[in-house]
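Lettering of chains follows the sequences in order, A, B, ..., and the numbering in each one begins at 1.
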Number of protein chains: 2
Amino acid sequence: MFNFAALKTNMKKDVSTEQKIKDAARKVFMTKGFSGCTTREIAKSVGINVALLNYYFRSKGKLFELILEAALSDFIESMVDVFQQDLPLEDKTRMLIDKEFEFLRKHPELPLFIHAGLNQESDAELDQSKFLGRLHKTGIFEECEKAQAQGHMRKVNMINVTLLFMSNCHFPIMSKKLICGIYQIDDNEHEARLNEHKEIVKEMLINYLFPNTNKHA
Amino acid sequence: MFNFAALKTNMKKDVSTEQKIKDAARKVFMTKGFSGCTTREIAKSVGINVALLNYYFRSKGKLFELILEAALSDFIESMVDVFQQDLPLEDKTRMLIDKEFEFLRKHPELPLFIHAGLNQESDAELDQSKFLGRLHKTGIFEECEKAQAQGHMRKVNMINVTLLFMSNCHFPIMSKKLICGIYQIDDNEHEARLNEHKEIVKEMLINYLFPNTNKHA
DNA sequence: ACTTATTTTAAACAATTGTTTAAAATCGAT
DNA sequence: ATCGATTTTAAACAATTGTTTAAAATAAGT
């Protein structure tokens with residue numbers, strides 16, 4: 001008979017302990033950073049031994065790398081979803097901003113975690129090159145270039161376009177502590193500002209990127 | 001004779017060891033974060049003993065708090081500088097963006113350090129209430145409210161205005177690693193994108209905030 | 001020169017860190 | 001029920017952590 005042992009055990013691990021460790025690690029790493037937490041802290045939150053964590057993943061660093069890469073992937077995928085829609089560019093723009101704010105409300109720690117994690121901790125170099133291909137496959141770049149050639153979209157480098165979107169969607173989420181601290185507002189007021197900001201960003205970016213087709217006043 | 005001992009020794013400490021520790025701590029904390037570095041690392045970079053660090057500052061946490069507060073103050077002051085100028089609001093807007101990009105090119109680690117530091121590390125609550133007063137004293141809020149009442153400036157909550165400026169100035173700097181990683185560009189290309197972005201942001205924000213007085217095309 | 005206060009150091013502290021080793025428990029298949 | 005592999009644990013590891021203590025060096029005042 002064929003040896004299905006490895007396959008079976010793999011299937012079992014996936015839904016069980018290994019995934020539970022990943023989930024716990026994600027939560028802890030997200031809120032405390034790589035060097036801000038201990039492997040024992042993660043293990044305890046799963047209800048397992050520290051050694052078991054190193055049994056599944058080789059080290060704290062390896063586990064962190066895994067979580068960081070998954071976070072980055074989630075983040076890219078949240079954009080890809082929109083690019084794949086069959087909609088005119090301006091509708092995609094509005095939808096991207098809506099979805100981005102919606103996605104980030106569910107994962108508010110993600111942007112800061114990615115940027116902080118990318119900058120220092122876990123010395124291991126993360127391969128980000130795959131993500132560019134992921135974005136390219138959606139055809140969004142060609143779509144923009146065509147719109148720019150037709151004079152429908154303002155001629156702006158795609159990196160700058162990316163910066164415009166990310167800046168205005170991610171930063172408002174990342175800066176919650178700072179904004180609440182400086183302006184002495186509570187979570188409710190901040191939430192209200194955020195909702196208003198979404199509409200502001202939508203109008204501002206549409207007006208800037210598609211000046212001819214979208215004139216107001 | 002009066003006792004000038006305390007005054008004298010204070011003056012000597014300021015230019016000497018105490019300040020050297022602060023400078024070194026700032027550099028190390030900025031690049032590695034609170035839990036990403038050790039007191040011994042800071043002490044070694046100054047060329048002193050670990051105990052001396054605790055002699056001047058009571059603990060690692062106290063020292064970090066000091067550095068974080070100073071960083072936040074620098075950051076606020078970079079804005080205050082512009083608000084105090086005697087210029088029309090639109091010129092202040094352009095100047096603010098120029099100065100902000102200039103300031104952040106000199107201290108590119110500052111925004112990420114502030115946001116990461118504010119979010120987790122150094123449990124001690126930082127009093128940010130003073131900064132609101134610092135901004136109020138420049139009269140910028142009244143100036144904006146007046147311009148809004150006159151229909152010269154778009155009616156947008158000042159917190160949202162703050163978010164617009166900070167998002168578009170700070171995020172491009174903070175996201176260097178991510179942008180370079182995803183788009184596979186080097187420091188030179190990133191620098192070029194940043195320079196172009198400054199002009200983009202200037203035009204976009206001016207157009208959005210002062211739609212009546214600044215029409216293009 | 002002597003005394004006193006300030007600055008600096010070396011050494012030790014208990015606690016915690018990531019990781020490993022070896023033994024126990026669990027499970028699936030015969 | 002038994003065997004073999006997989007999963008889990010308890011214990012120990014050496015290294016590092018922030019902090020403290022007590023003694024030494026330096027500076028200042030008289």
Side-chain angles (χ1 to χ4, degrees), chain A residues 1-25 28-29 32-68 117 120-124, chain B residues 1-25 28-29 32-68 117 120-124:
Chain A
M1 191 183 278
F2 303 110
N3 181 12
F4 285 116
L7 182 58
K8 280 189 191 168
T9 50
N10 263 344
M11 286 173 59
K12 194 172 149 256
K13 276 198 297 181
D14 281 352
V15 291
S16 172
T17 311
E18 186 169 351
Q19 189 57 45
K20 272 197 281 186
I21 297 177
K22 270 196 212 170
D23 293 342
V28 177
F29 278 143
K32 303 198 167 192
F34 175 71
S35 27
C37 71
T38 72
T39 53
R40 280 173 176 82
E41 186 180 354
I42 297 173
K44 182 175 282 184
S45 89
V46 191
I48 56 148
N49 198 289
V50 225
L52 196 56
L53 193 144
N54 279 24
Y55 169 77
Y56 282 110
F57 314 90
R58 288 162 36 87
S59 69
K60 184 190 183 186
K62 273 281 177 196
L63 178 56
F64 180 80
E65 233 179 294
L66 220 71
I67 303 296
L68 178 59
Q120 9 174 311
E121 358 221 14
S122 156
D123 41 343
Chain B
M1 192 184 274
F2 302 111
N3 180 11
F4 284 117
L7 181 59
K8 277 188 195 171
T9 50
N10 264 343
M11 286 174 58
K12 193 173 152 258
K13 276 198 297 183
D14 281 351
V15 290
S16 174
T17 310
E18 185 169 351
Q19 189 58 42
K20 272 198 281 186
I21 297 177
K22 272 197 212 171
D23 292 342
V28 176
F29 277 143
K32 304 199 165 190
F34 175 72
S35 26
C37 71
T38 71
T39 53
R40 282 174 174 81
E41 186 180 353
I42 298 173
K44 181 175 283 185
S45 88
V46 191
I48 56 147
N49 198 287
V50 224
L52 196 56
L53 193 146
N54 279 24
Y55 168 77
Y56 281 110
F57 315 90
R58 287 163 34 88
S59 69
K60 185 191 183 187
K62 274 281 177 195
L63 177 56
F64 181 79
E65 233 180 293
L66 220 69
I67 303 296
L68 179 60
Q120 7 173 311
E121 358 222 15
S122 153
D123 42 342

| field | Within-4.5 Å side-chain heavy-atom neighbours: A:L68 and A:F29 | value | no
| query | CZ of B:F34 to OG of A:S35: how many Å apart, nearest 0.5 Å? | reply | 10.5 Å
| note | Tightest non-hydrogen contact, residues A:K60 and A:C37, listed as NZ-O, 2.8 Å
| request: Please state how far atom CZ in B:F57 lies from atom C1' in C:dT7, giving the value in whole angstrom units. | output: 14 Å
| said: Using whole Å, what does the distance between atom C1' of nucleotide C:dT20 and atom CG of A:L53 come to? | reply: 14 Å
| message | If I take atom OH from residue B:Y56 and atom OG from residue B:S16, how far apart are they, to the nearest 0.5 angstrom? | response | 6.0 Å
| message | For D:dT8 and A:T17 - does any side-chain N or O of the residue sit under 4.0 Å from the phosphate oxygens OP1/OP2? | response | yes
| request: Take the protein atom CD1 of B:I48 and the nucleotide atom P of C:dT8, then report the distance between them rounded to whole Å. | output: 8 Å
| said: Tell me the bend of the helix from C:dA1-D:dT30 to C:dT30-D:dA1 as the angle between end helix axes, each from five pairs, rounded to the nearest 10 degrees. | reply: 10°
| note | Looking only at heavy atoms, the pair that brings A:K22 and A:I67 closest together is O-CD1, 3.5 Å
| note | Output for pair (B:T39 OG1, B:L63 CG), nearest 0.5 Å, gives 9.5 Å
| task | May I have the distance from A:Y55 (atom OH) to C:dA22 (atom C1'), rounded to whole angstrom? | result | 15 Å
| task | May I have the distance from A:L52 (atom CG) to C:dA24 (atom P), rounded to whole angstrom? | result | 18 Å
| task | Take the protein atom CG of A:N49 and the nucleotide atom C1' of D:dT6, then report the distance between them rounded to whole Å. | result | 16 Å
Using residues 42-54 of chain B as the side-chain source, report each donor-acceptor pair under 3.5 Å to any protein atom, sequence neighbours left out, with the distance given to one decimal.
unit_1, atom_1, unit_2, atom_2, d
B:S45, OG, B:I42, O, 3.0
B:N49, OD1, B:A51, N, 2.9

| remark: Once base and sugar-phosphate atoms are separated, protein heavy atoms under 4.0 Å mark nucleotides 13-19 of chain C, 5' to 3', with B, S and - as ----BBB
